[in-house]
Amino acid sequence: MTLNPISATTTLLRRHGHDAGQVAVGIGRYGHPAVCDLDTLKLPALVLGGPRTGKTRLANSMNAQQVRVTGGGACIIDFKGGDDIPSYWAEVAQQENRAFHHFTLNEKSSGAYRRPHPYARTQPSFYDPLVRGNGDSKTAMLLNSVDRDGDAAAYLRTAEDVVMLAFDIADLTGFSAGKGGLETLTAILDPAALDKAANQLTVDAVLRAHPSMADVDARRRVNDLQQRVAEMGQKTRGAGNLLAGAIGDSQTLISKFANSSALGGRMRPGRDATDTIDLVRAVLQGEIVVFSLPSNDYRSLSILVSTMVLLDLQNTTSTLRKNIADVRRLTGDSSRKADATPWKPFVVQVEELGSAKSTAAAAALLGLLNKSSNEGIRVVLSSQGWGDFVAVDGTGVWANQVLEQVYNLFCFQLGSDADDQAVCGFSGQVDKRKPRMKHEIDIGGRWRLWSGARSMNSGMTDSVRETRIPLGTLQELNKDDATDTREFIWIAKTPTLSAVHTVNEGPNMWFEPLRLVTVLEPPNRHDFFGDPAAVEQAEALRDEVLDKTWERVRSDAVLAHVLSADAASVEEPTREAAAVPVLTAAEDPWAVAAPPPRRVQQVSEPVSGHPGDPDVPLPPDPGPDPWDETDSEWGLDPWDSDPDRGQAEVEKHGS
């Protein structure tokens with residue numbers, strides 16, 4: 001795109017009265033600032049470049065400007081690890097008075113947490129992506145977080161049935177109340193425990209969870225769930241069967257999250273909103289969240305967690321989409337713009353994506369790219385080369401699918417011919433005028449009779465179809481550490497395909513190298529803990545902001561509505577009570593030779609308040625479940641380190 005040059009003194013920060021429609025990108029060939037319209041950043045962007053070329057600095061600068069200008073939040077998934085990115089974003093959060101959450105894996109050398117910035121809490125935040133949704137959505141999120149081949153692929157379909165059944169029964173019986181998703185599955189994903197929980201299931205419990213369901217359908221639901229559990233118990237008694245293998249495979253996956261020493265037990269809800277990451281809440285409140293997942297230290301675990309985050313972001317966009325009309329009503333938003341949202345834009349930045357080559361993560365990311373822009377989620381990807389994307393599936397199909405979604409590509413110096421050729425091809429082709437080769441032959445003799453022909457031929461040119469950016473250009477971009485000079489080329493699809501941004505595109509200007517100039521970037525290797533007074537001020541502000549976050553969670557009508565279980569979207573079709581096709585034992589791993597009798601509870605008196613068949617009475621409220629008592633045979637909650645702690649004693653911030 002070609003944008004009008006702006007004055008070098010024009011600032012892009014809201015607080016200084018800039019035009020809120022643009023962010024700074026860099027400096028053009030002739031000294032003019034190159035700026036980008038905020039509307040174009042609604043669509044995914046990609047930053048490529050070799051090590052230490054400046055790609056992270058550009059992504060940070062552009063995304064931080066969006067956060068400052070729009071008032072929205074951000075989620076950063078960092079596969080490099082280290083303190084650079086979390087300290088940068090903690091500084092942004094402090095300057096903008098935003099809640100800041102940092103989720104990280106423990107260092108291999110020590111389990112102690114070193115906070116990256118005084119504004120960060122003294123302990124990492126907790127995160128449980130399985131806390132919202134129904135059995136279908138939570139099962140898909142858990143099981144789709146890992147690559148599957150061999151036996152694991154064979155177990156997937158059966159594992160989906162088992163885990164979904166466990167989640168549904170836990171939710172309906174109240175077993176999951178106050179627990180995280182992994183905690184719930186750890187306790188209930190066992191045939192004996194699941195059978196015990198299923199025996200507590202009642203029709204009334206189903207009706208409380210689904211008020212619009214008819215009585216006869218609720219009774220059928222109880223019957224189906226209890227029969228399914230009984231069949232599972234019989235099927236798992238034999239050794240080496242598919243169902244037992246699926247349960248074992250799922251338990252192994254859960255254990256990776258729940259018991260990993262690198263995670264330190266943080267994949268679960270914390271005490272309250274001040275120490276727990278909730279991505280829906282982060283979007284609505286403009287919070288800043290950083291996931292530090294060093295793939296060099298924990299490749300498998302970093303991929304698992306990042307895939308869960310990407311799937312959670314998909315569910316977040318679905319929840320926001322479902323509730324957009326309600327949020328407009330509650331906030332009084334009257335915007336009529338087609339793609340406007342009643343909440344501020346939310347940036348998702350994925351750093352060093354090529355470090356996590358995983359088909360599961362790739363599928364989750366592509367799903368996010370396809371769904372995010374209409375709900376105000378702005379995705380920016382970063383990697384060292386295009387070959388990283390091609391290597392995900394080895395065919396380049398996934399890479400091309402991502403490229404179709406990208407509308408802005410920022411490319412620093414590349415290190416390979418293949419990457420250079422791919423990005424140059426993305427710039428499109430144009431007709432370039434090139435002069436013909438001129439052969440001067442003096443045949444006029446002494447009188448120069450043919451000199452006119454020589455003069456006429458010298459002004460002729462040919463039209464040649466070539467890529468906008470010539471091959472080899474991206475490998476020749478300047479990267480000078482001594483002068484901190486970083487050149488890059490910006491290819492944009494909107495409003496038209498172009499690689500020129502501060503002057504007009506033309507025969508002699510088909511692409512324009514830009515120089516990286518960041519906005520409000522802290523000095524390199526800045527010590528945020530060097531000034532004790534500044535540290536104390538940052539900690540005091542952090543506590544104040546977290547206190548306000550806690551108060552908003554308890555009092556804000558929009559948060560109360562969207563964060564409620566009823567408002568959560570799962571993007572799954574509603575289950576209808578219909579006949580299930582009969583499968584043979586060879587087709588259905590759940591099948592048994594002789595199914596046990598159904599164990600639906602029978603009652604003698606109908607319960608009023610639920611229209612339906614009067615001949616099908618409902619049981620009374622079953623009262624407390626056996627696991628609600630601390631002295632029951634279920635024992636104490638192993639996830640609760642302090643079961644006697646009352647609600648009044650909950651700390652509001654983690655310092």
Side-chain angles (χ1 to χ4, degrees), residues 44 46-47 55-56 59 63 74-82 84-86 89 101-108 124-131 138 140-148 181-182 253-254 256-258 260 262-264 266-268 277-280 282-283 288-317 346-372 377-384 388-389 391-393 398-399 402 405:
L46 173 62
V47 185
K55 58 184 179 297
T56 298
N63 292 335
C75 173
I76 298 88
I77 304 174
D78 176 25
F79 288 108
K80 290 190 298 185
D84 290 345
I85 287 181
W89 282 100
H101 291 283
H102 184 211
F103 182 96
T104 185
L105 305 182
N106 292 333
E107 295 185 8
K108 283 189 171 182
S125 296
F126 294 87
Y127 174 61
D128 185 0
L130 303 177
V131 75
K138 291 186 285 190
M141 185 180 298
L142 175 65
L143 299 182
N144 290 338
S145 65
V146 62
D147 295 337
R148 292 180 177 272
L182 295 173
L253 176 60
I254 296 166
K256 289 181 180 179
F257 289 113
S260 169
L263 286 169
R266 290 187 292 274
M267 287 288 287
R268 63 181 180 95
I277 296 171
D278 186 319
L279 294 179
V280 175
V283 174
I288 294 177
V289 181
V290 176
F291 291 91
S292 295
L293 308 172
S295 60
N296 287 337
D297 293 337
Y298 303 101
R299 184 180 184 278
S300 176
L301 190 60
S302 66
I303 291 175
L304 284 174
V305 177
S306 65
T307 306
M308 292 280 274
V309 174
L310 292 169
L311 292 170
D312 192 16
L313 285 166
Q314 284 192 45
N315 284 354
T316 296
T317 61
F346 188 79
V347 175
V348 175
Q349 179 176 332
V350 184
E351 277 295 316
E352 295 294 350
L353 181 63
S355 300
K357 297 180 179 67
S358 161
T359 55
L365 177 60
L366 190 61
L368 178 64
L369 294 177
N370 288 330
K371 300 177 181 179
S372 60
I377 310 298
R378 304 180 172 201
V379 183
V380 178
L381 310 177
S382 169
S383 192
Q384 293 191 11
D388 293 337
F389 291 79
V392 168
D393 59 5
W398 180 82
V402 171
Q405 300 289 332

Q | Counterpart residues, side-chain hydrogen bond (donor to acceptor under 3.5 Å, both in side chains), relative to D297 (two or more places apart) | A | none
Q: Of all the heavy-atom pairs spanning I85 and I76, show the shortest one and how long it is.
A: CG2-CG2, 3.7 Å
Q.
Please enumerate all residues that pass side-chain hydrogen bond (donor to acceptor under 3.5 Å, both in side chains) together with Q405, with sequence neighbours excluded.
A. N370
(Q) Applying salt bridge (charged side-chain N to carboxylate O under 4.0 Å, His left out), can you list everything that pairs with E352, at least two apart in sequence or on another chain? (A) K55
Q) Does D278 have any salt bridge (charged side-chain N to carboxylate O under 4.0 Å, His left out) partners at least two apart in sequence or in another chain, and if so, which? A) R132
Q. G81 and P294: which non-hydrogen atoms are nearest, and at how many Å?
A. CA-CB, 4.0 Å
Q. So how far is it from E351 CD to T56 OG1, rounded to the nearest 0.5 Å?
A. 3.5 Å
Q: Report the C-alpha distance between V289 and W89 in whole Å, list the side-chain angles of each, state the deciding distance to 0.1 Å, and finish with yes or no for side chain to side chain contact (heavy atoms under 4.5 Å, CB included).
A: CA-CA 8 Å; V289 181; W89 282 100; over 6 Å; no
**Q.** Residue pair L311 / A140: nearest heavy atoms and the distance that separates them
**A.** CD1-O, 4.3 Å
**Q.** Qualifying residues under side-chain hydrogen bond (donor to acceptor under 3.5 Å, both in side chains), relative to D388, sequence neighbours excluded
**A.** S383
Q: First locate atom CG of D312, then atom CG of L279, and finally report the distance between them rounded to the nearest 0.5 Å.
A: 4.5 Å
Q: Please list, chain by chain and in numerical order, all residues satisfying side-chain contact (heavy atoms from CB on, under 4.5 Å) with A360, sequence neighbours excluded.
A: D147, T307, S358
Q | D78 side, atom CG; D84 side, atom CG - distance, nearest 0.5 Å | A | 8.5 Å
**Q.** Partner set under side-chain hydrogen bond (donor to acceptor under 3.5 Å, both in side chains) for D393, not counting sequence neighbours
**A.** T395
Q | Pairs where residues 289-308 contributes a residue and the test ring pair (Phe, Tyr, Trp, His ring centres under 6.0 Å) is met, not counting sequence neighbours | A | F103-F291, Y127-F291
Q: Hey, could you give me the CG/CG distance between L253 and L143, rounded to the nearest 0.5 Å?
A: 6.5 Å
Q) Taking it one step at a time, do L182 and R268 satisfy side chain to side chain contact (heavy atoms under 4.5 Å, CB included)? A) CA-CA 7 Å; L182 295 173; R268 63 181 180 95; over 6 Å; no
Q: Enter the distance from L310:CG to I303:CD1 here, rounded to the nearest 0.5 Å.
A: 11.5 Å
Q | side-chain contact (heavy atoms from CB on, under 4.5 Å) partners for V347, two or more places apart | A | N63, Q66, A74
Q.
Are the side chains of K138 and P129 in contact, using a 4.5 Å heavy-atom criterion?
A. no
Q) Taking it one step at a time, do I377 and V283 satisfy side chain to side chain contact (heavy atoms under 4.5 Å, CB included)? A) CA-CA 9 Å; I377 310 298; V283 174; 4.2 Å; yes
Q) Where is the tightest heavy-atom contact between N106 and R266, given as atom of each residue plus distance? A) OD1-NH2, 3.0 Å
Q: Look at the side chain of Q314 and the backbone N and O of A364, then say whether any donor-acceptor pair between them is shorter than 3.5 Å.
A: yes
Q: Give, for atom CG of L353 and atom CD1 of I77, the distance between the pair rounded to the nearest 0.5 Å.
A: 9.0 Å
Q. For S292, which residues count as a side-chain contact (heavy atoms from CB on, under 4.5 Å) partner, sequence neighbours excluded?
A. P86, H102, T104, V290
Q. Which is it for L365 and L381 under the side chain to side chain contact (heavy atoms under 4.5 Å, CB included) test, yes or no, and what are the steps along the way?
A. CA-CA 10 Å; L365 177 60; L381 310 177; 3.9 Å; yes
Q.
So which atom in I277 and which in S125 form the shortest heavy-atom distance, rounded to 0.1 Å?
A. CG1-CB, 3.9 Å
**Q.** Those residues that, when tested against S260, pass side-chain contact (heavy atoms from CB on, under 4.5 Å) (two or more places apart)
**A.** A262, L263, L301
Q: Name all residues meeting the ring-ring contact (aromatic ring centres under 6.0 Å, His included) criterion together with F389; count only those two or more places apart in sequence or in a different chain, and write none if there are none.
A: W386, W398
(Q) Any donor-acceptor pair under 3.5 Å linking the side-chain atoms of S300 with those of K256? (A) no
